[in-house]
Q: 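Sharing a structure, written as structure tokens. Questions coming.
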Amino acid sequence: MDKRKTIIIAILAVLGLILTVELSVIFFKVNFNEQYSASFCSVSSLIDCDGVAKTNYSMFLGIPLAIWGMLFYLLTLFLNFVNLIQNKFKNTIFDVFKNPKSYIATLGLLSFCISICLAIISIFKINKICVLCFITYFIDLFIAITAKSKGSFFIKDIKNTIFDFCDGVKKYTILFITVLIAFASLVTYTSISMVFSPQQKIQKSFEEFMTMDKNKYAVSGNILGNPKGEKIFVYSDFMCPFCRVTNIMASKFAHENKEIQVVHMNFPLDSTCNKYVPNTVHPGACILAKYALAAKKQGKYWDMSNLIFDEHPSSEADILYLSEKLNLDIAQLVQDVASEQIQNELLEQIENAHQNGIYGTPTIVIDDIPYMSAMPYYKIKTLYSQAKKRHKRAQR
């Protein structure tokens, strides 16, 4: 009977291992490959393994649930055949495994209980079902039922597992503490670094800046950063939501890195002034850009820029009202906005963007390389670090 149990558990564990390997492949494909093709188990809005793999619920302690599943099935296989190891290596650490089938039954039951919680989340929270995941849930249950002792509803197995675990910890206390510290260090790293969850990492990076009411890194004057520093160009539209986010990121980067200067370039997606925009995306963006450039003549370009980004003025009257906070000469400001000089300066910046192949906002130019669309803050820092390394290699 025990031999039959061993065979059944082995088959179930191998099947579970195969499924979790496939689930791991799906997870890494949808989270790390932007051009992935849909998996065979993503057939509708409900039956969608890929969709489930993209959510925060596909992780625990920064590690994909599929990998936790793989570890469970590998541990099950180890415990299932640990008696063979014990026969070969007597009087060693392997002797602590006194009731391996009880451990399998307990772990299987625990895994199934967790699976029930995941199934509820999948159905009622995510509104998507991963078929492969649900199959592993039943495999966990079958493993638990197959391994459990006769005559009790897992009570004996749970007791055996707890008592044997405590005995093992007492016998190998130092080893247990070492393994525990290593495990805690690993999950701390994966949770903080989000190395296995790039989508969540990007989302978290954006949240810091999107939820900021005011740019707390804002500066006064016409220069952001080191006046003699290496220039990083930011092309943006004052009515573009992600341009505001990028503006705050650039301000923070200039605040943290004293080697750079951030130069703001206007590229309003408004055909009123931008001939390279066939259809106006943000009506009124041109006039906002002119007000920022006009404020520059009074030494308050970044004051006006941050004010526009933070307050979202919807009309010229709103801009004039807000401008009073900056202690500007309003009459001079209005005159400059209507001047040919400001018009030409704006057109020059638009032409500059066109010549550099820039047609959308936000765009950041680092080391003469344009990076279009919004990017997380850590990406900006990485691109700048890579540019510095390129310069060092070129100087050798």
Side-chain angles (χ1 to χ4, degrees), residues 1-21 23-24 60-61 63-120 132-187 190:
M1 184 66 182
D2 192 61
K3 185 177 180 180
R4 184 182 174 187
K5 273 188 177 185
T6 300
I7 294 172
I8 294 173
I9 291 171
I11 292 172
L12 290 170
V14 169
L15 179 58
L17 188 60
I18 292 171
L19 290 174
T20 49
V21 168
L23 285 168
S24 297
F60 178 66
L61 295 177
I63 299 174
L65 290 174
I67 292 181
W68 287 111
M70 288 171 58
L71 294 175
F72 165 68
Y73 294 121
L74 287 171
L75 180 58
T76 298
L77 286 171
F78 167 75
L79 293 172
N80 198 41
F81 297 107
V82 72
N83 61 313
L84 300 178
I85 301 174
Q86 289 172 333
N87 291 335
K88 190 171 183 180
F89 301 98
K90 296 183 182 295
N91 300 318
T92 64
I93 190 174
F94 296 107
D95 292 341
V96 299
F97 301 105
K98 300 173 184 177
N99 301 284
K101 289 294 188 293
S102 289
Y103 312 154
I104 295 173
T106 303
L107 289 172
L109 179 63
L110 177 62
S111 182
F112 178 69
C113 291
I114 294 172
S115 299
I116 293 298
C117 296
L118 293 175
I120 292 171
L132 298 185
C133 300
F134 273 70
I135 294 175
T136 63
Y137 301 163
F138 286 104
I139 289 175
D140 298 345
L141 176 62
F142 293 149
I143 286 176
I145 292 173
T146 304
K148 84 176 188 68
S149 302
K150 288 184 178 180
S152 66
F153 184 74
F154 294 101
I155 302 300
K156 180 180 178 181
D157 297 307
I158 294 172
K159 285 183 177 179
N160 287 339
T161 301
I162 294 173
F163 291 147
D164 290 356
F165 177 78
C166 292
D167 289 341
V169 170
K170 289 178 182 178
K171 192 173 182 179
Y172 297 98
T173 305
I174 296 177
L175 177 61
F176 173 76
I177 293 174
T178 303
V179 172
L180 185 62
I181 292 173
F183 174 75
S185 300
L186 174 64
V187 296
T190 55

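Quick note: numbers below take in every heavy atom, side chains included, and nothing from hydrogens, waters or symmetry partners.
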Q: Evaluate side-chain contact (heavy atoms from CB on, under 4.5 Å) for Thr136 paired with Ser115, printing each intermediate quantity in order.
A: CA-CA 8 Å; Thr136 63; Ser115 299; 5.7 Å; no
Q: Looking at Leu19 and Ile135, what are the two nearest heavy atoms and their distance?
A: CD1-CG2, 3.5 Å
Q: Taking side-chain contact (heavy atoms from CB on, under 4.5 Å) as the definition, give me every residue that meets it alongside Asn83, ordered by chain and number, with sequence neighbours left out.
A: Gln86
Q: Can Lys101 and Thr146 be counted as having a side-chain donor-acceptor contact under 3.5 angstrom?
A: no
Q: Show me the pairs that pass side-chain hydrogen bond (donor to acceptor under 3.5 Å, both in side chains) and involve residues 65-78, at least two apart or across chains.
A: Tyr73-Asp140
Q: Phe142: what forms a ring-ring contact (aromatic ring centres under 6.0 Å, His included) with it, not counting sequence neighbours?
A: none
Q: When rounded to the nearest 0.5 angstrom, what is the spacing between CD1 in Ile11 and CD1 in Ile143?
A: 11.5 Å
Q: Can you list the residues that meet the side-chain contact (heavy atoms from CB on, under 4.5 Å) rule with Ile177, with sequence neighbours excluded?
A: Thr173, Ile181
Q: What is the minimum heavy-atom distance between Leu61 and Thr190, and which atoms define it?
A: O-OG1, 2.7 Å
Q: So, using side-chain contact (heavy atoms from CB on, under 4.5 Å) as the criterion, who are the partners of Ile162 when residues are at least two apart?
A: Ile158, Cys166
Q: Could you work out, with side-chain hydrogen bond (donor to acceptor under 3.5 Å, both in side chains) as the rule, every residue matching Thr161, not counting sequence neighbours?
A: Thr106
Q: Could you tell me which residues satisfy ring-ring contact (aromatic ring centres under 6.0 Å, His included) with Tyr172, sequence neighbours excluded, listed by chain and number?
A: none
Q: Rounded to the nearest 0.5 Å, how far does CG of Leu110 lie from CD1 of Ile114?
A: 4.0 Å
Q: Run the side-chain hydrogen bond (donor to acceptor under 3.5 Å, both in side chains) test against Ser102 and tell me which residues pass, sequence neighbours left out.
A: Asp157, Asn160
Q: If you compare all heavy atoms of Leu23 against all heavy atoms of Cys133, which two are closest, and at what distance to 0.1 Å?
A: CD2-SG, 3.9 Å
Q: A quick test of your reading: do over 12 heavy atoms of other residues, nucleotides or ligands sit less than 6.0 Å from CZ of Phe81?
A: yes
Q: Is a donor on one side and an acceptor on the other found under 3.5 Å between the side chain of Lys5 and the backbone of Lys148?
A: yes
Q: Quick one: CD1 on Ile63 to CG on Leu186, what's the gap to the nearest 0.5 Å?
A: 4.5 Å
Q: Can you check whether Leu79 reaches Leu107 side chain to side chain, under 4.5 Å on heavy atoms?
A: yes
Q: Taking ring-ring contact (aromatic ring centres under 6.0 Å, His included) as the definition, give me every residue that meets it alongside Phe112, ordered by chain and number, with sequence neighbours left out.
A: none
Q: Assess whether atom CG of Leu84 is packed by more than 12 heavy atoms of other residues, nucleotides or ligands within 6.0 Å.
A: yes
Q: Please enumerate all residues that pass side-chain contact (heavy atoms from CB on, under 4.5 Å) together with Ala119, with sequence neighbours excluded.
A: Phe134, Tyr137
Q: State the CG-CG distance between Leu180 and Leu175, to the nearest 0.5 angstrom.
A: 11.0 Å
Q: Please test Asp167 against Val96 for side-chain contact (heavy atoms from CB on, under 4.5 Å), starting from the C-alpha separation and ending with a verdict.
A: CA-CA 8 Å; Asp167 289 341; Val96 299; over 6 Å; no
Q: Heavy-atom count check: over 12 atoms from other residues, nucleotides or ligands less than 6.0 Å from Phe78 CZ?
A: yes
Q: Hey, what do you get for OG1 (Thr20) to CG (Leu15), rounding to the nearest 0.5 Å?
A: 9.5 Å
Q: Apply the side chain to side chain contact (heavy atoms under 4.5 Å, CB included) test between Phe89 and each candidate in Asn87, Ile93, Ile85; give the one that qualifies.
A: Ile85
Q: Under the side-chain hydrogen bond (donor to acceptor under 3.5 Å, both in side chains) test, which residues partner Asp164, sequence neighbours left out?
A: Asn99, Tyr103
Q: Of all the heavy-atom pairs spanning Ser24 and Ala66, show the shortest one and how long it is.
A: OG-CB, 3.3 Å
Q: Taking only residues two or more places apart in sequence or in another chain, which ones pass ring-ring contact (aromatic ring centres under 6.0 Å, His included) with Phe94?
A: none
Q: Hey, could you give me the CD1/CG distance between Ile145 and Leu141, rounded to the nearest 0.5 Å?
A: 4.0 Å
